[in-house]
Amino acid sequence: MRTEYVEAVLALVELVPPGAAVAYGDVAELLGSGGARQVGSVMSHHGSGVAWWRVLRANGEAPQGLEAEALQFYVREGTPLLGRYQDFLRTGEGHWRVDLMAARWAPEDGDFDLIDAIAERLERRLHKMSAPDDEMTV
DNA sequence: ATTCTGACTTGCT
DNA sequence: AAGCAAGCCAGAA
């Protein structure tokens, strides 16, 4: 993934407040570019510096392979959870997930501007690279 | 150009 | 609840 996209994704993720969360697909949608898998890829390779646990699967499951670590953060941040997470904390058994209906980030007044700024900057930087120039007609 | 690979999604059994 | 197939977007080989 190009660095412009990586930066845009990370910048977006930093806007998500503690206790809230968004799905991979949500991030792509807010950026107006790429898809859920691209966002997942970015998080996997470059997400360690941000609150990666606030970006998860559309059904509320934590990022693949990091369930246990993520749960610690959710509990600490008071993120709404569903299922037997307490069992999971004690025994490592039991299914649970984030209650995305309740936890999904609802951007506030100032956030929309920031989101737009990020999306626009990405758009600009992306377009600059292609420069079509009628390539197909040659 | 083709194929493979992912911290993904959605729909159907 | 749990699997599965197909669709998805893009980088890498």
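Computed over heavy atoms, backbone and side chain alike; hydrogens, waters and symmetry mates excluded.
In this structure, the CD atom of E67(A) is 12 Å from the P atom of dA7(B), given to the nearest Å. Between the CG atom of N59(A) and the P atom of dT9(B) there is a distance of 8 Å, given to the nearest Å. Atom CD of E69(A) and atom C1' of dA7(B) are 12 Å apart (whole Å). Residue W96(A) contributes atom CH2, which lies 16 Å from atom P of dA1(C) at whole-angstrom precision. Nucleotide dG6(B) holds its P atom 19 Å from the CE atom of M43(A), rounded to whole Å. As rounded to whole Å, 9 Å separates atom P of dA10(C) from atom CG of L126(A). Between the P atom of dG11(C) and the NE2 atom of H45(A) lies a distance of 12 Å, rounded to the nearest Å. Taking atom CD of E61(A) as the reference point, atom P of dA1(C) lies 11 Å away to the nearest angstrom.
When atom types are taken as modelled, the side chain of Y5(A) and the backbone of S33(A) share a donor-acceptor pair closer than 3.5 angstrom.
Taking atom P on both dA13(C) and dA7(B), the two are 15 Å apart, rounded to the nearest angstrom. Rounded to whole Å, the P atom of dC12(B) lies 15 Å from the corresponding atom of dC8(C).
Open room surrounds CZ on R84(A); 12 or fewer heavy atoms of other groups in view lie less than 6.0 Å from it.
Between A28(A) and A36(A), the closest heavy-atom pair is CB-N, 4.1 Å.
Neither OP1 nor OP2 of dA7(B) sits under 4.0 Å from any side-chain N or O of H46(A). Not one side-chain nitrogen or oxygen of R37(A) sits closer than 4.0 Å to the OP1 or OP2 atom of dC8(C).
Side-chain contact of E77(A) with W53(A): a donor-acceptor pair under 3.5 Å is present, judged by distance alone.
With distances taken from any side-chain atom of L66(A) to the nucleotides dT10(B), dA7(B), dC8(B), the minimum falls on dA7(B).
Residue A62(A) is classed as having no contact, given no heavy-atom separation below 4.0 Å to the nucleic acid. In this structure, G25(A) reaches the sugar-phosphate backbone alone: every heavy-atom distance under 4.0 Å involves primed, P, OP1 or OP2 atoms, never a base. Across all strands, H95(A) comes closer than 4.0 Å only to sugar-phosphate atoms, never to a base (heavy-atom distances).
Test V13(A), L66(A), L10(A) against W52(A) for side-chain contact (heavy atoms from CB on, under 4.5 Å) and you get one pass: L66(A).
The glycosidic torsion of dA1(C) lies within 90° of 0, which places this base in the syn conformation.
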